[in-house]
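First up is the structure itself, then whatever we jot down about it.
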Amino acid sequence: MKIFISTVIAGVTVLLSCGKAPQEYKKEASIDTELPANLTHSDIDSIAAHAVIYEANIRQYSPEGSFNAFTKDIPSLRKLGVKILWLMPIYPISSTKSKGSLGSYYAVSDYKKVNPEFGSLEDFRNLVRVAHDNDMLVILDWVANHTGWDHPWITSNPTFYSQDKDGNIVHTEGTDWTDVADLNYDTIEMQQEMSKAMMYWVTKHDIDGFRCDVAAMVPVQFWRKTISKLEEIKPMFMLAEAWEPELLNDAFDMAYGWDTHHVMNKIAKGEKNVIAWHERMTQIDTLYNDNALLMNFTSNHDENSWNGTVDERMGEAKKVFAALSFVAPGMPLIYSGQEYDLDKRLLFFDKDSIDKQKGIFYPLYEKLGKLKNDHPALTSGKNASDYTKINTSDNENILAFARTKNKEKIIFIGNLSNTPKEIKVGLEGVFKNYMTDRKEVFSNDMSVLFKPWEYKILSVN
């Protein structure tokens, strides 16, 4: 991503200086997002450039908490623009030292089996088939830093684990993850077995990649070597639960936009303003290479269970930040239940369930997902569209930018404050408000009133 600063005239950015009204965005400009039969990595990059990713919490997604219950809803997820399904860990869970009544998904007792709580291996295979039929990639949550205390390696290969001075296997240092045993990556044999386990799911069950838990706690050399082997089987999409730039060099396809998320939370709480957003965009441009892809999110399983719901953290700002996660550079994430206005912290170690009643967010995500899937100006990752900051008459509270690809353009303008703002943006012409499907007229000297947290997405070509 390259960030550009727009030209300022009399304190107002003139984005379109000609008097001729720009044409509306036309559907025929959309990209081809069909899932090819024989994928190449270029195909993976093309899918990722316009994808929405969905984090599936199988246990809590339905009262049944099963693969089959989730599989039934895959076609509805396609309507939200979902192109990549990330399944939280599907493996059996250790009972030794476990937390809660069911334990953590991340305390794996066997890397090559499915948790019977969710159903059978054939149920899982059917989920993958249905996802592929709906043109979605399926990636599995992979826990390479540690295992549960019931894992066979604990007794058969204790040298696979980190040990204290007395030879006792220990949990990961500096954490409260007492329900897991830390793996020792100085042990080459363990690395080889870990790689084989990952390859098993690709060769036997046709999965398309992995979301790798605490990826920065595992040596990057292991990831590069293992991912290279996986790519020899089929092209992979690899997501690192990490922010470190080096993980995106010859290893992962996408990393977490943690700091972007934190900035959103702080602006929503009134602790920061739009200046912090601009600083974050500049930071991304400085830290990462031009082809880097980061995941944008207003929630995920960690945020929801431990730091609060979107309502708790963002309040009335939740819709504008949802929209921003789709139109800013990066790939937007929807966590299980967000499409149904999830307003509770889901239990992590015990059974819970999502109330699947459509409210505000399903139609919002449906509209935003279509825009993300179809519009060339929202290309992210390799050959990303340009991101151009637009100055307004109130740069501290109004966020305005343009995403541009060739002649295609999307403009975002949002009031990121809890008070009304009357501002000048300096647009000239007639635009289409994508969210309302209405025409909007702007002129250079016209003031526009934005309600608290109000935003506009304007389409231009």
Side-chain angles (χ1 to χ4, degrees), residues 55 57 59-60 86-111 115 140-155 157-187 190-191 193-194 197-198 210-223 226 238-247 251-252 255-259 261-262 265 295 297 299-308 313 335 345-350 352:
E55 181 185 4
N57 186 333
R59 176 191 285 169
Q60 315 298 32
W86 151 25
L87 304 184
M88 288 179 68
I90 62 169
Y91 324 102
I93 295 171
S94 290
S95 58
T96 302
K97 299 187 181 183
S98 67
K99 297 181 178 181
S101 62
L102 295 176
S104 168
Y105 312 89
Y106 295 88
V108 177
S109 66
D110 194 318
Y111 285 116
N115 188 342
L140 297 185
D141 210 324
W142 197 257
V143 191
N145 180 68
H146 47 261
T147 74
W149 292 93
D150 292 346
H151 197 286
W153 291 348
I154 291 283
T155 54
N157 297 87
T159 58
F160 283 13
Y161 295 89
S162 301
Q163 300 178 11
D164 64 18
K165 60 182 179 58
D166 297 319
N168 299 308
I169 296 173
V170 296
H171 73 271
T172 305
E173 184 179 0
T175 73
D176 63 353
W177 306 342
T178 55
D179 56 341
V180 296
D182 190 67
L183 288 165
N184 177 13
Y185 273 82
D186 291 334
T187 308
M190 186 279 292
Q191 293 191 35
E193 291 302 312
M194 184 66 70
M198 295 178 75
F210 297 90
R211 176 268 187 191
C212 296
D213 188 59
V214 292
M217 288 186 171
V218 175
V220 67
Q221 293 84 358
F222 167 81
W223 292 127
T226 298
M238 302 294 296
L239 166 61
E241 191 211 5
W243 64 270
E244 285 79 358
E246 60 267 23
L247 291 170
F252 290 89
Y256 272 49
W258 277 118
D259 284 344
H261 174 73
H262 295 152
N265 283 334
M295 187 172 71
F297 51 94
S299 190
N300 57 43
H301 68 268
D302 285 313
E303 290 298 296
N304 171 265
S305 292
W306 310 122
N307 295 329
R313 289 180 286 101
Y335 175 51
R345 300 188 186 198
L346 292 172
L347 299 175
F348 201 83
F349 306 117
D350 303 279
D352 208 338

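Keep in mind that what you see is a predicted model, and the values were worked out from it rather than measured. FYI, the numbering just counts along the sequence from 1.
Judged as a salt bridge (Lys or Arg N to Asp or Glu O under 4.0 Å), and not counting sequence neighbours, the contacts of D352 are K344. Applying the side chain to side chain donor-acceptor pair (under 3.5 Å) rule to H301 yields the partners E55, Y106; only residues at least two apart in sequence or on another chain are considered. Among residues two or more places apart in sequence or in another chain, the ring pair (Phe, Tyr, Trp, His ring centres under 6.0 Å) test is passed with W223 by F252. When the side chain to side chain donor-acceptor pair (under 3.5 Å) test is applied to N307, the partners found at least two apart in sequence or on another chain are E303. With sequence neighbours excluded, the residues that form a ring pair (Phe, Tyr, Trp, His ring centres under 6.0 Å) with H151 are Y111, W153. With sequence neighbours left out, F210 forms a ring pair (Phe, Tyr, Trp, His ring centres under 6.0 Å) with W142. Applying the side chain to side chain donor-acceptor pair (under 3.5 Å) criterion to D166, with sequence neighbours excluded, gives no partner residue. Residues satisfying the side chain to side chain contact (heavy atoms under 4.5 Å, CB included) test with P158, not counting sequence neighbours, are Q163, I169. In this structure D176 satisfies the side chain to side chain donor-acceptor pair (under 3.5 Å) test with no other residue, sequence neighbours excluded. A search for ring pair (Phe, Tyr, Trp, His ring centres under 6.0 Å) contacts involving Y161 returns nothing, not counting sequence neighbours. Remark: A242 engages A215, A216, A240, E244, L247 in a side chain to side chain contact (heavy atoms under 4.5 Å, CB included) (not counting sequence neighbours).
Side chain of Q60 to backbone of D350: a donor-acceptor contact under 3.5 angstrom is found. Between the side chain of D164 and the backbone N or O of G167 there is at least one donor-acceptor pair closer than 3.5 Å. Panel note: side chain H171, backbone T175; a donor-acceptor pair is recorded below 3.5 Å. Within the 3.5 Å criterion, the main-chain N or O of D302 finds no donor-acceptor partner in the side chain of S305.
The salt bridge (charged side-chain N to carboxylate O under 4.0 Å, His left out) contacts involving residues 141-151 comprise D141-R211, where partners must be two or more places apart or lie in separate chains.
Taking the side chain as every heavy atom from C-beta outward, V143 and V108 approach each other to under 4.5 Å. Taking 4.5 Å as the limit, every side-chain heavy atom of L346 sits out of range of all side-chain heavy atoms of R59. At least one side-chain heavy atom of W177 sits under 4.5 Å from a side-chain heavy atom of V214. Taking the side chain as every heavy atom from C-beta outward, Y91 and S109 never approach each other to under 4.5 Å. M190 places a side-chain heavy atom less than 4.5 Å from the side chain of L183. Side-chain contact between Y335 and N57 is present, with heavy atoms from C-beta onward closer than 4.5 Å.
Put simply, OG1 on T187 and CE on M194 are 11.0 Å apart, with the number rounded to the nearest 0.5 Å. In this structure, OG1 in T172 is found 4.5 Å from CG in N145, a value given to the nearest 0.5 Å.
In this model, no donor atom of one side chain and acceptor atom of the other lie less than 3.5 Å apart for N304 and R345. With hydrogens and angles left out, the side-chain atoms of N184 and T159 include no donor and acceptor closer than 3.5 Å. A donor-acceptor contact closer than 3.5 angstrom is absent between the side chains of S98 and D179.
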* Report the C-alpha distance between Y256 and F297 in whole Å, list the side-chain angles of each, state the deciding distance to 0.1 Å, and finish with yes or no for ring-ring contact (aromatic ring centres under 6.0 Å, His included). => CA-CA 9 Å; Y256 272 49; F297 51 94; 5.6 Å; yes
